[in-house]
Amino acid sequence: MKRLVTGPVPAFVLRRAGATVLLLLALSLLVFALLYLAPGDVARNLLGTRNVTPEALAEIRARHHLDEPFLQQYWRWLTHAVTGDFGTSIRTGRPIGPLMLEKTGITAATAGLAFLLSVLAGIPAGVLTAVRRGRWLDRVLVTASVIGVSAPGFAVGLLLLYVFALGLGWFPIYGTGEGFFDALWHLALPAVALALGLGAFVVKLTRAAVIRELDQDYVTFARGRGLPEAATLRIVLRNAAIPIVTSLGLMVAYLFGGTVLIEVTFALPGLGSLMEESVLFKDIPVVQALTLAVALVVSVAAFLVDLSYLIIDPRVRARTVRR
Amino acid sequence: MSRTSNAGRRRIPVVAILSAALLAFVAICAIAQEIIAPNALEQDIYLGVVGGGVEGHLFGTDQLGRDILQLSLAGARSALLGPLVVAAGSMLIGFFLGTYAGYRGGVVDMLAGRYADLLLALPAVLLAIVVAGLVGRGYWVTVAVLIVLFSPSDVRLVRGAVIEQAPRPYIESARVLGIRPSRIMFRHIAPNIVPIVVANLLLNVAFALVALSSLSYLGLGVPPGAPDWGRQLADGRQLLGDNPLAAVVPGVLIILTATAVNLLGDWLSDLLDRRVVAR
């Protein structure tokens with residue numbers, strides 16, 4: 001562990017961080033190009049269906065810097081975005097930064113809750129299926145996980161709403177609630193709907209990773225030497241950790257895709273709903289800002305996953321240090 | 001896997017048979033939509049929403065008075081056709097680009113790799129929502145967007161499989177014999193990566209089915225009023241109190257169909273994998 005702080009490891013970290021920044025730059029260019037992908041004139045969209053004089057159109061263009069060349073516009077947008085200034089929303093007329101910030105809480109709470117649920121349920125279930133491979137419990141859980149992976153969150157969400165909110169009345173139908181416990185109660189169904197797909201994915205991945213390790217020779221040897229099963233399993237789990245952690249990083253991306261649909265289904269006023277409304281309204285500055293924010297979070301998650309290898313696996317640590 | 005006995009290899013699991021049967025049913029509905037659900041789009045505004053079991057409407061009607069059963073059966077077409085095209089299209093791109101990038105390397109390989117990095121850094125569904133929403137609404141536009149978004153992972157998959165094949169003796173001897181690279185790529189290597197391609201194709205169909213219905217659910221896929229399960233769920237969300245079946249029936253259908261495709265895909269990839277290992 002000491003070697004983590006000195007010597008070549010920081011160089012590896014720096015290299016990886018540089019690659020992340022480059023990727024983000026490329027993505028930001030792609031995201032900015034969205035403006036040009038959208039058919040129709042942005043200035044006209046801004047004015048809505050009102051009758052427009054050419055002067056008014058030119059004035060709008062000048063105010064939003066739409067008359068400048070593409071790269072100049074991109075540079076202006078990027079330098080502002082870095083400082084957290086994403087411009088103003090066309091639909092609401094409000095600055096985008098604060099607009100996004102006030103909606104982040106709900107999304108972060110729902111996604112965080114879903115992440116926690118899926119990991120806490122998925123990893124033990126995955127280990128259990130791997131240890132009991134081929135038994136009925138394994139088969140039931142594996143089939144259930146295929147259903148979980150296949151079922152779209154919004155369909156599951158609607159079914160949950162119907163059964164637990166409308167039918168049984170255990171949970172509120174809409175709204176976000178006041179205070180911590182009330183909010184938790186309101187976010188329970190959305191989080192479960194989001195967590196089901198994720199959890200199933202975690203089960204599948206954990207099962208595959210643990211089975212791969214259980215088939216290794218060292219396990220046979222450890223068992224042959226009479227090592228207690230619990231001790232063997234501990235070694236197996238540590239070795240299986242790398243692919244599992246990698247998938248947890250990938251799940252962050254999945255969470256953001258799913259949260260749009262879940263928030264729309266449960267009418268939660270979070271970032272996902274904001275994204276849906278902005279896309280339907282063609283509120284492009286907001287769409288750009290949100291897409292870039294997601295790209296940032298996903299890239300940082302991938303970066304952290306790569307760093308965590310260094311801590312989890314001494315072999316990876318040795319390899320990167322030697323290089 | 002050598003662990004599996006010979007007896008286990010012959011028997012087709014019940015789950016696979018059930019999945020195939022369900023998919024066959026959905027496929028028949030998709031092909032013979034006009035015969036099976038001729039009145040799917042017939043509206044009855046005066047009737048409006050009614051619950052299940054009312055005068056000839058087994059599952060009730062939606063807000064336009066359309067029969068939920070017929071509408072759901074008719075929705076099979078957009079649920080199958082688009083995903084099949086997405087999976088086939090993205091695999092076609094993945095197959096040619098991936099084979100070339102994997103065998104030849106160089107600039108194509110580099111560009112394909114960076115392109116994949118770029119697209120995989122964003123959640124596919126989210127990107128599909130953004131692009132489909134901004135570029136235009138419509139079923140086939142959405143299908144095209146999904147082909148582009150799905151192709152990077154297929155390129156990666158095929159490229160990896162080709163790189164694994166390339167150093168093997170049969171390729172080396174083919175090269176020594178002076179066979180043209182294009183012939184080596186598509187006559188020698190291609191047959192050996194077919195199992196991976198086929199297994200992945202089905203998994204992609206399931207993924208595309210979920211993605212397409214998600215977009216329709218948000219109002220980006222099919223035009224308003226068209227029979228589509230995602231669209232039905234979006235409409236049914238407002239009707240949960242009056243006729244919950246308007247949302248439950250298409251919801252269950254999406255879940256069952258996607259699960260069946262995935263189960264079949266898993267079974268097929270196990271089977272093909274085993275054959276590759278046995279060879």
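Below, read A as the first sequence line, B as the second, and so on, with proteins coming before strands; counting in each chain starts at 1.
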Should the heavy atoms of other residues, nucleotides or ligands under 6.0 Å from [atom1] of [X] be counted, would the total exceed 12?
{"X": "A:Trp136", "atom1": "CH2", "result": "no"}
{"X": "B:Phe150", "atom1": "CZ", "result": "yes"}
{"X": "A:Arg16", "atom1": "CZ", "result": "yes"}
{"X": "A:Phe164", "atom1": "CZ", "result": "no"}
{"X": "B:Tyr139", "atom1": "OH", "result": "yes"}

| said: Quick check on A:Thr265 against chain B: is it the side chain, the backbone, both or neither that has a heavy atom closer than 4.5 Å? | reply: both
| Considering only heavy atoms, which portion of A:Ala26 lies under 4.5 Å from any heavy atom of chain B: side chain, backbone, both, or neither? | both
| query | Relative to chain A, which segment of B:Ser213 carries a heavy atom at a distance below 4.5 Å: side chain, backbone, both, or neither? | reply | both
| Per-residue contact mode, B:Leu209 against chain A (heavy atom under 4.5 angstrom) | neither
| message | Between B:Val130 and A:Met275, is there a side-chain heavy-atom distance shorter than 4.5 Å? | response |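 Heavy-atom side-chain distance check passes, below 4.5 Å.
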| request: Report yes if some heavy atom in the side chain of A:Leu159 is under 4.5 Å from a heavy atom in the side chain of B:Ile255; otherwise report no. | output: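 Yes, at least one pair of side-chain atoms sits under 4.5 Å.
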| task | Measure across B:Leu218 and A:Glu276 and return the closest heavy-atom pair with its distance rounded to 0.1 Å. | result |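 Smallest heavy-atom distance, with atoms named: CD2-CG, 3.8 Å.
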Find the one option among [options] whose heavy-atom pairs under 4.5 Å with chain A are most numerous.
{"options": "B:Val210, B:Val15, B:Leu127, B:Leu256", "result": "B:Val210"}
{"options": "B:Gly251, B:Ala206, B:Ser214", "result": "B:Ser214"}
{"options": "B:Leu220, B:Thr259, B:Leu126", "result": "B:Thr259"}

Among [options], residue most engaged with chain B (heavy-atom pairs, under 4.5 Å):
{"options": "A:Leu290, A:Leu23, A:Thr291, A:Val149", "value": "A:Leu23"}
{"options": "A:Val294, A:Leu161, A:Val287, A:Val146", "value": "A:Val146"}
{"options": "A:Leu158, A:Val298, A:Leu255", "value": "A:Leu158"}

| said: So, taking the atom named CD1 in B:Ile129 and the one named OG in A:Ser278, what distance separates them when rounded to the nearest 0.5 Å? | reply: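 If we round to the nearest 0.5 Å, B:Ile129:CD1 and A:Ser278:OG are 12.0 Å apart.
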